[in-house]
Amino acid sequence: MTDPHGFLEFPRRPVPARPVEERLRDWNEVYAGQATLPLVSEQAGRCMDCGIPFCHSGCPLGNLIPEWNAYARRADWRAAAERLHATNNFPEFTGRLCPAPCEDACVLTINADPVTIKNVEQAIADQSWERGYASPRPPERLSGKTVAVVGSGPAGLAAAQQLTRIGHTVAVYERADRIGGLLRYGIPAFKMEKCHLDRRIEQMRAEGTIFRTGVDVGSDLDAAELAERHDAVVVAVGARGQRELPVPGRELHGIHQAMDYLTLANRVTEGDFETSAVTAEGKHVVIIGGGDTGSDCMGTALRQGAWSVVQLDINPEPGDTRRDGEPWPVYPKVYRISHAHEEARGREGADPRVFASATLRFEGDPAGQVQALRLAEVEPGSRRPRPGTERGIRADLVLLALGFHGPEQGTGLMRQLGLGLDDRGNFARDDGFGARTAERTRPDGIFIAGDAGRGQSLVVWAIAEGRSAAAATDRYLSGSTVLPAPIAPQDRPLVA
C-alpha cells in the first residue's frame with residue numbers, strides 16, 4: 001500500500017502547466033519539460049488504499065489505480081508500468097487526453113480533493129518509454145488467421161495490438177495519409193505531441209501489425225472483398241458524422257466545421273503546409289459548442305494569432321459543486337476551466353464562454369463573408385430563445401463544434417458489408433460486438449468497435465471497446481480467448 005497517512009499530510013498538487021505567455025508562443029504540450037517525478041511520487045502517496053477502489057468503476061478500462069499508485073510512490077517505475085499496461089494499451093494517450101472520471105470517483109472526493117490520478121498515469125507511461133520498459137511484444141507463434149481492422153483511431157489500434165499479440169496477422173486500413181484517426185488530426189499538438197503516437201505505431205509495427213494508409217475501404221477497396229480475403233473484420237471507423245447548425249446565413253464564407261479546422265491546423269504542425277487554408281490570425285473567432293472540441297479550437301485559434309475568441313455554450317453555467325442528482329462517484333457537471341480557457345482569459349480574467357446562449361442567425365457582407373452572429377439567451381430548462389435578449393457579436397471566423405451524431409452513413413463500407421443502424425444512429429451490433437445488418441442478421445466475422453457502435457465518447461471508452469472487440473474476435477477465430485474484455489456493448493458511464 002502507499003503511505004497510510006499520505007492523504008492527511010499532503011494536499012492535492014497537480015503538475016503545473018507552463019506559463020500561459022510561454023505556451024502560446026509554440027505548439028508544444030502544455031506540460032512539456034515540467035519536472036514531475038518527485039511531485040508525482042508524493043501525490044501517488046495520497047492514495048488511501050481504500051477497501052473498495054471506486055476509481056475502478058469510474059474508468060471503463062478497469063485500471064489498477066491503487067496498485068500503480070503504490071509503485072509510483074516508491075518510484076518503482078518498472079512495476080508501475082507493468083500494472084498500468086495490464087489494462088491499457090496506450091496510457092500515454094489517456095494520461096494526456098482523458099478528462100479523468102476516475103478522479104471524480106476517487107473515495108477521497110467524498111469530502112476532500114482526489115488523488116491526481118491522471119498526472120500519475122502520464123508520468124508512469126512516460127517513464128515506461130524513457131527507461132525502455134515498453135519494448136515490442138511480438139507473438140510467440142502465429143495462428144494462421146488474418147484480421148482486417150478498418151480505422152486507426154484508439155479503438156482500432158487497441159483491437160489491432162491485442163489481436164497481433166495473441167498471434168493473428170492483422171492489417172489496419174486507414175483512409176487518411178497517416179495512422180491515428182482523430183488522435184492524429186483531431187487532437188492539437190499542445191494536448192498531445194504526435195511523437196507519442198508515432199512511437200506507439202512503430203512498436204506495433206515491430207510486433208507485426210501491418211498498416212495500410214490512404215485506403216478508403218468501401219471506395220478505394222470493396223469492403224465485401226476485404227471481408228472475403230480475411231477471416232475477420234473489425235470496423236472501427238469512429239463517429240465522424242458531424243452535427244450541423246441549420247440557421248439562416250449558414251452558407252456564408254468563413255463558417256467551418258471544427259474538425260475540418262483542426263485537421264488543417266494539425267497538418268501545419270506535421271509539416272504538410274506552411275500555413276493553414278483556414279486560419280484565425282487577426283480575426284474575431286466565435287466557436288459554437290461548449291465541449292472539448294470547442295476548447296481545442298480555442299487553443300488553436302489563440303496560437304494562430306486570433307484577435308479575440310468567444311465560445312458559445314447552449315447549456316447553463318454549471319455550479320462549483322455537485323448537484324443533488326449527481327452524487328459521488330458519478331462524473332459531475334461542474335464548472336471546469338480547460339487550459340485553452342485559461343489562455344483566453346488574458347489579463348482581464350474573464351471567462352471566454354457565453355453560457356445559456358443560442359445562435360439565431362449569421363450575418364455577412366455583400367461578398368458573402370460572415371461578419372457577425374446574432375444570439376439570444378435560452379429559457380431556463382429549455383433551449384428556446386428568450387424573447388428580448390437578442391444581441392450581435394463580431395465574427396470573422398465561425399467554428400461549429402457541435403459534436404457528432406454517429407458514423408458516416410450511406411458510405412460504400414456500410415452498403416457493401418450490409419451494416420444496419422441502431423436506434424441511436426450507430427452501427428448495430430449484438431452483445432458480442434458482432435455486426436448486425438439492416439435485417440438484424442449477423443454476418444460472420446464482422447465486428448464493430450469504438451464510437452462507430454457506441455457513439456461519440458472518451459478515449460478510455462474507445463480503448464476499452466477495442467480491447468473487448470479484440471476478445472470477441474479472437475473467440476470467434478479460436479473458439480475461446482484469454483484476452484480481457486473490460487466492457488460489454490451495452491455498458492455506459494457511471495451515472496446516478
Subject >> Gap between atom CD1 of Ile288 and atom OG1 of Thr359 - 0.5 Å precision >> reply: 3.5 Å
Original post:
Do you know which two heavy atoms are closest between Ala301 and Val309, and how far apart they sit?
Top reply: CB-CG2, 4.1 Å
Original post:
What distance separates Gln304 CD from Leu397 CG, expressed to the nearest 0.5 Å?
Top reply: 8.5 Å
**OP:** Please round to the nearest 0.5 Å and tell me the distance separating atom CZ of Phe273 and atom CG of Leu264.
**Re:** 6.5 Å
**OP:** Give the intermediate values and the outcome of side chain to side chain contact (heavy atoms under 4.5 Å, CB included) for residues Leu399 and Val286.
**Re:** CA-CA 6 Å; Leu399 302 173; Val286 177; over 6 Å; no
Subject >> Glu270/Arg178 ion pair, N-O < 4.0 Å >> reply: yes
Original post:
What's the spacing between Leu413 CG and Ser219 OG if we round to 0.5 Å?
Top reply: 10.5 Å
Subject >> Ion pair check, Glu29 and Arg96, cut-off under 4.0 Å >> reply: yes
**OP:** Decide whether a cation-pi geometry holds between Arg250 and Phe362; the criteria are a distance under 6.0 Å from NZ or CZ to the six-membered ring centre and an angle within 45° of the ring axis.
**Re:** no
Original post:
Just by modelled atom types, is the Asp396 backbone N or O under 3.5 Å from a matching donor or acceptor in the Gln369 side chain?
Top reply: yes
Subject >> Heavy-atom pair of closest approach, residues Gly249 and Ile255 >> reply: O-CD1, 3.4 Å
**OP:** Using a strict 4.0 Å threshold on nitrogen-to-oxygen distance, state whether Glu174 and Arg184 make a salt bridge.
**Re:** no
Subject >> Note: Asp220-Arg212 ion pair, threshold 4.0 Å (strictly below) >> reply: no
**OP:** For Thr389 and Glu377, test the side chains for any donor-to-acceptor distance below 3.5 angstrom and give the result as yes or no.
**Re:** no
Original post:
Is there a salt bridge (charged side-chain N to carboxylate O under 4.0 Å, His left out) between Glu342 and Arg23 once you walk through the steps?
Top reply: CA-CA 12 Å; Glu342 180 188 12; Arg23 63 185 194 245; 2.9 Å; yes
Original post:
With sequence neighbours left out, which residue pairs that include part of residues 101-117 fulfil the side chain to side chain donor-acceptor pair (under 3.5 Å) condition?
Top reply: Arg12-Glu103
**OP:** Would you give the length of the straight line joining atom CG of Leu24 to atom CG of Leu302, rounded to the nearest 0.5 angstrom?
**Re:** 6.0 Å
**OP:** Ignoring hydrogens and angles, tell me if any N or O in the side chain of Ser128 forms a donor-acceptor pair with the backbone of Ile124 under 3.5 Å.
**Re:** no
Subject >> Thr87 versus Asn63, side-chain donor and acceptor atoms under 3.5 Å >> reply: yes
Original post:
Is it the case that Arg492 places NZ or CZ above or below the six-membered ring of Tyr331, under 6.0 angstrom from the centre and within 45 degrees of the axis?
Top reply: no
Original post:
Below 4.5 Å, heavy atoms only, C-beta onward: do Val247 and Leu360 meet side chain to side chain?
Top reply: no
**OP:** Determine, step by step, whether Phe211 and Leu157 satisfy the side chain to side chain contact (heavy atoms under 4.5 Å, CB included) criterion, reporting the C-alpha distance in whole Å, the side-chain angles of both residues, the deciding distance to 0.1 Å, and the verdict.
**Re:** CA-CA 10 Å; Phe211 293 102; Leu157 291 179; 3.9 Å; yes
Original post:
Is there a side-chain contact between Met48 and Val107, using heavy atoms and a 4.5 Å cut-off?
Top reply: yes
Subject >> Non-hydrogen side-chain atoms of Pro66 and Cys55 separated by less than 4.5 Å >> reply: yes
Subject >> Within 45° cone of Tyr185 ring axis and under 6.0 Å: Arg267 NZ or CZ >> reply: yes
Subject >> Check: Leu37 and Gln127 side chains under 4.5 Å, non-hydrogen atoms >> reply: yes
Original post:
Ignoring hydrogens and geometry, is there a side-chain-to-backbone donor-acceptor pair from Trp27 to Pro188 under 3.5 Å?
Top reply: no
**OP:** Can you measure from SG (Cys297) to NE2 (His256) and round to the nearest 0.5 angstrom?
**Re:** 11.5 Å
**OP:** In plain terms, say whether Lys118 and Glu121 are close enough for a salt bridge, that is, a side-chain N and a carboxylate O under 4.0 Å apart.
**Re:** no
Original post:
Is the shortest side-chain N to carboxylate O distance from Arg454 to Asp422 below 4.0 Å?
Top reply: no
Subject >> Heavy-atom donor-acceptor pair, Lys194 side chain to Leu183 backbone, under 3.5 Å >> reply: yes
**OP:** Identify the two heavy atoms, one from His284 and one from Ser308, that lie closest to each other, and give their separation to 0.1 Å.
**Re:** ND1-OG, 2.7 Å
Subject >> Exercise: identify the closest heavy-atom pair between Ala265 and Thr300 >> reply: CB-CG2, 3.6 Å
Original post:
Is a side-chain donor-acceptor pair under 3.5 Å present for Ser338 with Asp292?
Top reply: no
Original post:
Hey, does the side chain of Asn119 reach the backbone of Val15 with a donor-acceptor pair shorter than 3.5 angstrom?
Top reply: yes
Original post:
So, the side chain of Ser468 versus the backbone of Glu465: is there a donor-acceptor pair under 3.5 Å, distance only?
Top reply: no
Subject >> Pairwise side chain to side chain donor-acceptor pair (under 3.5 Å) hits with a residue in residues 398-411, at least two apart >> reply: Arg175-Glu408
**OP:** State whether the side chain of Arg383 and the backbone N or O of Val378 hold a donor-acceptor pair below 3.5 Å, judged by distance alone.
**Re:** no
Original post:
Do Tyr261 and Asn266 meet the criterion of a side-chain donor-acceptor pair at a distance under 3.5 Å?
Top reply: no
Subject >> Note: Arg374-Glu390 ion pair, threshold 4.0 Å (strictly below) >> reply: yes
Original post:
Is it the case that more than 12 heavy atoms not belonging to Glu22 sit under 6.0 Å from its CD atom?
Top reply: yes
Subject >> Heavy-atom check, side chain of Phe54 versus side chain of Leu494, under 4.5 Å >> reply: no
Original post:
Can you check side chain to side chain contact (heavy atoms under 4.5 Å, CB included) on Lys333 and Arg322, steps first, answer last?
Top reply: CA-CA 7 Å; Lys333 294 180 180 179; Arg322 292 175 182 268; over 6 Å; no
Subject >> NZ/NE/NH1/NH2 to OD/OE distance under 4.0 Å, Arg199 and Glu193 >> reply: no
**OP:** Verify, without hydrogens or angle tests, whether Arg18 (side chain) and Asn28 (backbone) share a donor-acceptor contact under 3.5 angstrom.
**Re:** yes
Subject >> Check: Ser41 side chain, Pro38 main-chain N or O, donor-acceptor pair, under 3.5 Å >> reply: no
**OP:** Taking the side chain as every heavy atom from C-beta outward, state whether Arg391 and Leu375 have any atom pair closer than 4.5 Å.
**Re:** yes
**OP:** Kindly determine whether Tyr31 and His339 satisfy ring pair (Phe, Tyr, Trp, His ring centres under 6.0 Å), including the steps that lead there.
**Re:** CA-CA 10 Å; Tyr31 295 102; His339 294 297; 5.3 Å; yes
Original post:
Going through the checks in order, is the side chain to side chain contact (heavy atoms under 4.5 Å, CB included) test met by Lys283 and Trp307?
Top reply: CA-CA 5 Å; Lys283 296 178 181 178; Trp307 188 256; 6.0 Å; no
Original post:
Tell me, do Leu197 and Phe93 make a side-chain contact under 4.5 Å, heavy atoms counted?
Top reply: yes
Original post:
Under 3.5 Å, side chain of Thr279 to main-chain N/O of Glu281, donor-acceptor pair present?
Top reply: yes
Original post:
Is there a side-chain contact between Asp272 and Val268, using heavy atoms and a 4.5 Å cut-off?
Top reply: no
**OP:** Please report the shortest heavy-atom distance between Ala239 and Gln456, naming the atom on each side.
**Re:** CB-N, 4.1 Å
Original post:
When you look at Asn89 and Arg467, which way does the side-chain hydrogen bond (donor to acceptor under 3.5 Å, both in side chains) test go after all the steps?
Top reply: CA-CA 9 Å; Asn89 294 74; Arg467 290 170 68 87; 2.7 Å; yes
**OP:** Determine the minimum heavy-atom distance between Val120 and Ala72, stating which atoms define it.
**Re:** CG1-CB, 3.9 Å
